[in-house]
Novice: 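Let me give you the structure first, and then I'll get to my questions.
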Amino acid sequence: MPCLDVNDTTLHYEDEGTGPALLFVHGWGTSGRTWGAQLPEFTGDHRVVTVDWRGCGRSARPARGNTIAGVVSDLVVLIGALRLERPVVVGSSVGGAFAIELGVRRPELIGGAVPVGAPGYWPSARQQARLVADLRRDRAGTVAGWVPGWYAPGTAPALIDWTVRQILDSGVYIDEHQATAGDYDPRPALPGLKVPIHYLHGELDSAIPLEVPRTCAALTPGAEVSVIPGAGHMPHQERPAAFNAALRTALNGMAPAARTTA
């Protein structure tokens, strides 16, 4: 199992294929396995790296560093250690915020950012505080009641149940991301973003409304938004064929080093 010591923790990652680099970053509490429907599509002509960020999946569960800055710092070290040449970073939910922050803080390291169901500035810090309190009071019940709303109606129950299991298997310290979510807002930095960005968003995403990426794209020079019909917050799992086609289109519109051969 490939692991890398990063800052004060150990990360699990998978590294397959050759070609322009893609770095896939999952959302809160899940793991790199959520990108399973993308691997067969992109490892044929890309070097594809998936990572379980700290506290999640098969990585260690440290008590500290569970912040946007902490995870972004981990990803910077990972990119350098694996010698990824300006990867396009594809991030789901809070992983999309990590992708944007890499572009803001270390634009020389990446070839582009593709936020998926992101970035997610929340208007109500009170709502996030209530969520954190509910997680501490009844973690299993709160996750089981919350996660189905991430998905569009008609999603297979097995997929929802699998997502719940992943989150419950993750460390409790990742709740810090939820506690601070109300304060996160990338909009002031977006006009100065120096990497290509293409937002992919589910048409029916109720966790982060479609107006969020559209607002962000309007502030970001050259940004585009692609909508995945019939999908909710996890379009890469719900509508993988449509998502993969949209991602290829996004990559083709970015820097030459990131373009696909298909």
Novice: Between the side chains of H233 and D205, does any donor sit under 3.5 Å from an acceptor?
Specialist: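 Yes - a donor-acceptor pair under 3.5 Å links their side chains.
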
Novice: Please enumerate all residues that pass ring pair (Phe, Tyr, Trp, His ring centres under 6.0 Å) together with H26, with sequence neighbours excluded.
Specialist: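 Partners of H26 under the ring pair (Phe, Tyr, Trp, His ring centres under 6.0 Å) test: W53.
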
Novice: Using ring pair (Phe, Tyr, Trp, His ring centres under 6.0 Å) as the criterion, point out the one residue from Y13, F24, F42 that pairs with W35.
Specialist: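 Among Y13, F24, F42, the one that satisfies the ring pair (Phe, Tyr, Trp, His ring centres under 6.0 Å) with W35 is F24.
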
Novice: Is it the case that the side chain of E203 and the backbone of G230 share a donor-acceptor pair, with hydrogens and angles ignored and the cut-off at 3.5 Å?
Specialist: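 Between the backbone of G230 and the side chain of E203 there is a qualifying donor-acceptor contact (under 3.5 Å).
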
Novice: Mind checking whether E176 and V132 have side chains closer than 4.5 Å, heavy atoms only?
Specialist: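 No, their side chains stay 4.5 Å or more apart.
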
Novice: Which residues pass the salt bridge (charged side-chain N to carboxylate O under 4.0 Å, His left out) test with R33, not counting sequence neighbours?
Specialist: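 None.
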
Novice: State the CZ-CD1 distance between F243 and I228, to the nearest 0.5 angstrom.
Specialist: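 It is 6.5 Å, given to the nearest 0.5 Å.
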
Novice: On a heavy-atom basis, which atom in P235 and which in G202 lie closest, and how many Å separate them?
Specialist: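 That would be CG-N, 4.1 Å.
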
Novice: Are V88 and I110 close enough that some pair of their side-chain heavy atoms sits under 4.5 Å apart?
Specialist: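 No, their side chains stay 4.5 Å or more apart.
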
Novice: Look at D15 together with R83 and state whether they make a salt bridge at an N to O cut-off of under 4.0 Å.
Specialist: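 No, this pair does not count.
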
Novice: Work out which heavy atom in A99 is nearest to a heavy atom in A113; give both atom names and the distance.
Specialist: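 That closest heavy-atom pairing would be O-CB, 3.9 Å.
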
Novice: CG/L11 to SG/C3 distance, rounded to the nearest 0.5 angstrom?
Specialist: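 These two atoms lie 8.5 Å from each other.
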
Novice: Would you confirm whether T249, through its side chain, and A245, through its main-chain N or O, come within 3.5 Å as a donor-acceptor pair?
Specialist: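 Yes: the side chain of T249 pairs with the backbone of A245.
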
Novice: Please round to the nearest 0.5 Å and tell me the distance separating atom CD of E41 and atom CG of N244.
Specialist: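 Here the interatomic distance stands at 5.0 Å.
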
Novice: With heavy-atom distances below 4.5 Å as the criterion, would you say the side chains of L23 and V90 are in contact?
Specialist: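 No, every pair of side-chain atoms sits at 4.5 Å or beyond.
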
Novice: Evaluate the criterion side-chain contact (heavy atoms from CB on, under 4.5 Å) for residue pair V116 and S93; output intermediate values, then yes/no.
Specialist: CA-CA 6 Å; V116 180; S93 194; over 6 Å; no

Novice: Same hydrophobic cluster for L200 and L204, using side-chain heavy-atom links shorter than 4.5 Å among ILVMFWY?
Specialist: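 The answer is no; the residues belong to distinct hydrophobic clusters.
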
Novice: Not counting sequence neighbours, which residues clear salt bridge (charged side-chain N to carboxylate O under 4.0 Å, His left out) with D138? List them please.
Specialist: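 Not a single residue meets the salt bridge (charged side-chain N to carboxylate O under 4.0 Å, His left out) criterion with D138.
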
Novice: Side-chain heavy atoms nearer than 4.5 Å, only ILVMFWY residues, links allowed to pass through others: does that put Y173 and W28 together?
Specialist: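 The answer is no; the residues belong to distinct hydrophobic clusters.
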
Novice: Strictly distance-based, threshold 3.5 Å: is any side-chain N or O of R47 a donor or acceptor partner for the main-chain N or O of T43?
Specialist: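 No, because the side chain of R47 does not come within donor-acceptor range (under 3.5 Å) of the backbone of T43.
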
Novice: Output yes when a side-chain donor or acceptor of D183 lies under 3.5 Å from a complementary backbone atom of A179, and no otherwise.
Specialist: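 Absent.
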
Novice: Taking all heavy atoms of L131 and all of Q178, pick out the closest pair and write down the distance.
Specialist: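 Shortest heavy-atom contact: CD2-OE1, 3.6 Å.
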
Novice: State, to 0.1 Å, how close M234 and S92 come at their nearest heavy-atom pair, and which atoms those are.
Specialist: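 Heavy-atom minimum between the residues: SD-OG, 4.0 Å.
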
Novice: Show me the donor-acceptor pairs, under 3.5 Å and distance only, between side chains in residues 68-78 and residues at least two apart or in other chains.
Specialist:
| from | atom 1 | to | atom 2 | distance (Å) |
| --- | --- | --- | --- | --- |
| S73 | OG | N7 | ND2 | 3.2 |
| D74 | OD1 | N7 | ND2 | 2.7 |
| D74 | OD1 | R54 | NH2 | 3.1 |
| D74 | OD2 | R54 | NE | 2.7 |
| D74 | OD2 | R54 | NH2 | 3.3 |

Novice: Please give me the minimum heavy-atom distance between V212 and P119, naming the atom from each residue.
Specialist: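 Looks like CG1-CD, 4.0 Å.
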
Novice: Say whether, by atom type as modelled, one donor and one acceptor occur between the side chain of T9 and the main chain of V6 under 3.5 angstrom.
Specialist: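 Side chain of T9 to backbone of V6, a donor-acceptor pair under 3.5 Å: no, none is there.
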
Novice: If we only count heavy atoms from C-beta on, is the P115 to I100 side-chain gap below 4.5 Å?
Specialist: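 In short, these two side chains touch, coming nearer than 4.5 Å.
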
Novice: So which atom in P62 and which in N66 form the shortest heavy-atom distance, rounded to 0.1 Å?
Specialist: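 Shortest heavy-atom separation between P62 and N66 comes out as O-ND2, 3.0 Å.
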
Novice: Which residues pass the side-chain hydrogen bond (donor to acceptor under 3.5 Å, both in side chains) test with R239, sequence neighbours left out?
Specialist: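 Testing R239 for side-chain hydrogen bond (donor to acceptor under 3.5 Å, both in side chains), a comparison that skips the adjacent residues, returns none.
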
Novice: As a quick check of understanding, evaluate salt bridge (charged side-chain N to carboxylate O under 4.0 Å, His left out) for E14 and R58, giving each step before the final call.
Specialist: CA-CA 11 Å; E14 295 184 3; R58 294 149 287 182; 3.1 Å; yes

Novice: Side chains of residues 190-199: which donor-acceptor partners sit under 3.5 Å, not counting sequence neighbours?
Specialist:
| from | atom 1 | to | atom 2 | distance (Å) |
| --- | --- | --- | --- | --- |
| H198 | NE2 | S226 | OG | 2.7 |

Novice: Can you pull out every ring pair (Phe, Tyr, Trp, His ring centres under 6.0 Å) where at least one residue sits in residues 201-226? Sequence neighbours excluded, please.
Specialist: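 Passing the test, one end in residues 201-226: no pairs.
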
Novice: Could I get the full list of side-chain hydrogen bond (donor to acceptor under 3.5 Å, both in side chains) partners for T10, not counting sequence neighbours?
Specialist: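 side-chain hydrogen bond (donor to acceptor under 3.5 Å, both in side chains) check on T10 returns D5.
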
Novice: Is the count of non-hydrogen atoms from other residues, nucleotides or ligands lying under 6.0 Å from R136 atom CZ greater than 12?
Specialist: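 Count not over threshold, so no.
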
Novice: Please identify each residue that fulfils salt bridge (charged side-chain N to carboxylate O under 4.0 Å, His left out) with R214, with sequence neighbours left out.
Specialist: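 In terms of salt bridge (charged side-chain N to carboxylate O under 4.0 Å, His left out), with neighbours along the sequence ignored, R214 is linked to no residue.
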
Novice: Can a salt bridge be assigned to the pair D52 and R61 using a cut-off of 4.0 Å between side-chain N and carboxylate O?
Specialist: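 Here D52 does not pair with R61 in a salt bridge, since their nearest N and O are not under 4.0 Å apart.
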
Novice: State the CG-CG distance between L135 and D175, to the nearest 0.5 angstrom.
Specialist: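 Spacing of CG (L135) from CG (D175) equals 5.0 Å.
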
Novice: Checking the side chain of T220 only, and the main-chain atoms of C216 only, is there a donor and an acceptor separated by less than 3.5 Å?
Specialist: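 Yes; judged by distance alone, with no hydrogens or angles, the pair exists.
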
Novice: Among residues at least two apart in sequence or on other chains, which ones pass side-chain hydrogen bond (donor to acceptor under 3.5 Å, both in side chains) with E238?
Specialist: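 By the side-chain hydrogen bond (donor to acceptor under 3.5 Å, both in side chains) rule, E238 matches no residue at all.
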
Novice: To the nearest 0.5 Å, what is the distance between CD1 (I79) and CD (E85)?
Specialist: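 Going from CD1 on I79 over to CD on E85, the span is 12.0 Å.
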
Novice: Sequence neighbours excluded and cut-off under 3.5 Å, please list the side-chain donor-acceptor pairs for residues 153-170, or say none.
Specialist:
| from | atom 1 | to | atom 2 | distance (Å) |
| --- | --- | --- | --- | --- |
| T155 | OG1 | A152 | O | 2.7 |
| T163 | OG1 | Y151 | OH | 2.6 |
| T163 | OG1 | L159 | O | 3.0 |
| Q166 | OE1 | S31 | N | 3.3 |
| Q166 | OE1 | S31 | OG | 2.8 |
| S170 | OG | G29 | O | 2.8 |
| S170 | OG | Q166 | O | 3.2 |

Novice: Which residue pairs pass the side-chain hydrogen bond (donor to acceptor under 3.5 Å, both in side chains) test with at least one member in residues 95-115, sequence neighbours excluded?
Specialist: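 Listed by first then second residue: E101-R105, E101-Y184, R106-E108.
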
Novice: Output the distance between atom OG1 (T50) and atom CG (L39), rounded to the nearest 0.5 Å.
Specialist: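 Here the rounded value is 6.0 Å.
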
